[in-house]
Q: 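The structure follows.
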2 protein chains.
Amino acid sequence: MRILLADDHPLFRIALAQAVRAVAPEATIAEAGTFDDALADLAAHADTDLVLLDLHMPGSHGLMALATLRGEYPAIAVAMISAHDDASTVRRALAHGAAGFISKRSGLDELQTALRAVLAAQTWLPPALRGNVLVGEADAEERRLAARLAALSPQQMRVLGLVADGLLNKQIADRLGVQERTVKAHLTAIFERLDVRNRTQAGVLLRSLEVADPALRVEG
Amino acid sequence: MRILLADDHPLFRIALAQAVRAVAPEATIAEAGTFDDALADLAAHADTDLVLLDLHMPGSHGLMALATLRGEYPAIAVAMISAHDDASTVRRALAHGAAGFISKRSGLDELQTALRAVLAAQTWLPPALRGNVLVGEADAEERRLAARLAALSPQQMRVLGLVADGLLNKQIADRLGVQERTVKAHLTAIFERLDVRNRTQAGVLLRSLEVADPALRVEG
DNA sequence: AAGCGCATTGGACGATCGTCCGATGCGCGC
DNA sequence: GCGCGCATCGGACGATCGTCCAATGCGCTT
């Protein structure tokens, strides 16, 4: 049993690790502070069983990180961990294949209960939302989007992320250490898979996975 | 006293009109089912005192309609009307200059109370959110965005909206009935005012005003 | 009357984009 | 082994983008 904790907050990773050890003493625990680190860890440890993924990480574009992981490692369960736990966000995460959704506002007891559920391959949701966050027909659009994004290769997803930031092909090439020619090749493939015609539309598509900035959030 | 009701739901406009008549019998009431209709109405009736604006209208891009109105008619009060009434959305609306925020989940009594407050030039918020939705330092980013968007002319805003939809310059020109040349001129001005370098970044900026699709929303 | 912002259009030009043809090497599963 | 997807690169080319120079008319304010 191997578990990866992906969260950009070191203190929270410590708390998470303690909770995990309490409910699964035998598990191997890995940590990542950025999404790229998480991808690197999974590339080196394909035997990972579960990823606890923060919704807001550097370079993750909200639900993009989840979409990327689900597309790259369909066999690895991904549970979202987030303070931004409104019904809409939880629902979208489930539509994108999340194995569960753990609120950062949970107390230790609830967190451990949630971890036990997720480790037992059960879908876990915040108690307050349970029952009214059903993935139904209304999510068809979100799921089609998830399916299309999951069809992208890891490198293509990186290119798309940089396109969505407004970078030029040349800048993207420099950032990834490849030729501009290669970036163009990726873009042609990306457009075809996402069924869009230009980079602006592709950027909009990716941005639709954004979740409201938690810095602007206040307690309901 | 002149009031414009801008909502794409005819039945809701009727209900709104009744409520307005109940609290302000002397007011002239105008209606618009699309954002373009609303703009046309205001262009013909600059003496309008208040706009009750739905957050989700055809061609409005979420808070973009609010930003446009505030930039074009700073003297006209705009109160948002929306079913998507979470704290974050309300806060962003206020940062963009909304005179109030009326939840569609309000009962008739609350709606009338809200209307009286807004008509008395008071900021009105849903009772559940009052007190913890203060526009503070955390909204600096949102307000800078609002200021930049408010600096755009109406035509520039239309161009920007179409750019954010991924249209080509030629397509935008056809849609607006002008030459591609003109669209380029507008874009150059838009880039300068928004402090971006290309259309993709401009589209992302506008899209950041998007609010989560209400079709995906469930009751909290 | 003069100034200013807005909207419109033109020519020209370099930069950028996106696609067409093609190629190589790598890893993985049948 | 062989096929397949992935990632990389190349030339060429037309389409598109964005900016440089410029102009006209309109409405509003000073």
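Worth knowing before you read on, the calculation uses all heavy atoms, side chains too, and leaves out hydrogens, waters and symmetry mates. Per chain, numbering begins at 1; letters A, B, ... match sequence-line order.
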Q: Determine whether a donor-acceptor pair (one donor, one acceptor, N or O, separation below 3.5 Å) exists between the side chain of Arg181(B) and the base of dT19(D).
A: yes

Q: Scan for salt bridge (charged side-chain N to carboxylate O under 4.0 Å, His left out) pairs involving residues 44-54 of chain A, sequence neighbours excluded, and state none if there are none.
A: Asp54(A)-Lys104(A)

Q: Quick one, Leu16(B) and Ile29(B) - any side-chain contact, counting heavy atoms below 4.5 Å?
A: no

Q: Looking for any heavy atom pair under 4.0 Å, which part of the strands does Thr188(B) touch: base, sugar-phosphate only, or nothing?
A: base

Q: Nearest whole Å is fine: how far is dC28(C) P from Glu72(A) CD?
A: 12 Å

Q: If I take atom CD1 in residue Ile172(A) and atom P in nucleotide dT8(D), what distance separates them, rounded to the nearest angstrom?
A: 13 Å

Q: What nucleotide among dC6(C), dC17(D), dT9(C) has an atom nearest to a side-chain atom of Ser153(B)?
A: dC6(C)

Q: Let me know the distance between NZ of Lys170(A) and C1' of dC17(C), rounded to the nearest Å.
A: 14 Å

Q: From the list dT8(D), dG18(C), dT9(C), which nucleotide is the closest neighbour of the side chain of Gln155(A)?
A: dT8(D)

Q: Test of understanding: with side chain to side chain donor-acceptor pair (under 3.5 Å), list the residues that count as partners of Arg158(A), not counting sequence neighbours.
A: Gln155(A)

Q: Check whether any side-chain nitrogen or oxygen of Asn169(B) sits under 4.0 Å from OP1 or OP2 of dT16(D), and answer yes or no.
A: no

Q: Got a donor-acceptor pair under 3.5 Å from the side chain of Arg197(A) to the base of dG18(C)?
A: no

Q: If I take atom CG in residue Leu160(B) and atom P in nucleotide dG18(D), what distance separates them, rounded to the nearest angstrom?
A: 12 Å

Q: In this structure, how many angstroms lie between the P atom of dT19(D) and the CG atom of Leu168(A), rounded?
A: 12 Å

Q: Whether His186(B) contacts dG18(D) is assessed here as follows: a side-chain N or O lying under 4.0 Å from the phosphate OP1 or OP2. Is that the case?
A: no

Q: Can you tell which of dC17(D), dT9(C), dG18(D) lies closest to the side chain of Asn198(B)?
A: dG18(D)

Q: Between Leu194(A) and Leu145(A), is there a side-chain heavy-atom distance shorter than 4.5 Å?
A: no

Q: Taking atom C1' of dA7(C) as reference, at what distance in whole Å does atom CD of Gln156(B) sit?
A: 9 Å

Q: Base, sugar-phosphate, or nothing for Ala189(A), non-hydrogen atoms under 4.0 angstrom?
A: nothing

Q: Could you state the atom-to-atom distance from CG of Leu187(A) to C1' of dC20(C) in whole Å?
A: 16 Å

Q: Would you say Leu52(B) and Asp7(B) make side-chain contact, with heavy atoms under 4.5 Å?
A: no

Q: Nearest to the side chain of Phe191(B), which nucleotide is it out of dA7(D), dT8(C), dG18(D)?
A: dG18(D)

Q: Looking only at the side chain of Lys184(A) (C-beta and beyond, no hydrogens), which of the listed nucleotides dT19(C), dC9(D), dC17(D) gets closest?
A: dT19(C)

Q: According to a strict under-4.0 Å criterion, is Thr182(B) in side-chain N/O contact with OP1 or OP2 of dT9(C)?
A: yes

Q: In whole Å, I'd like the distance from the CD atom of Gln201(A) to the P atom of dC17(C).
A: 16 Å

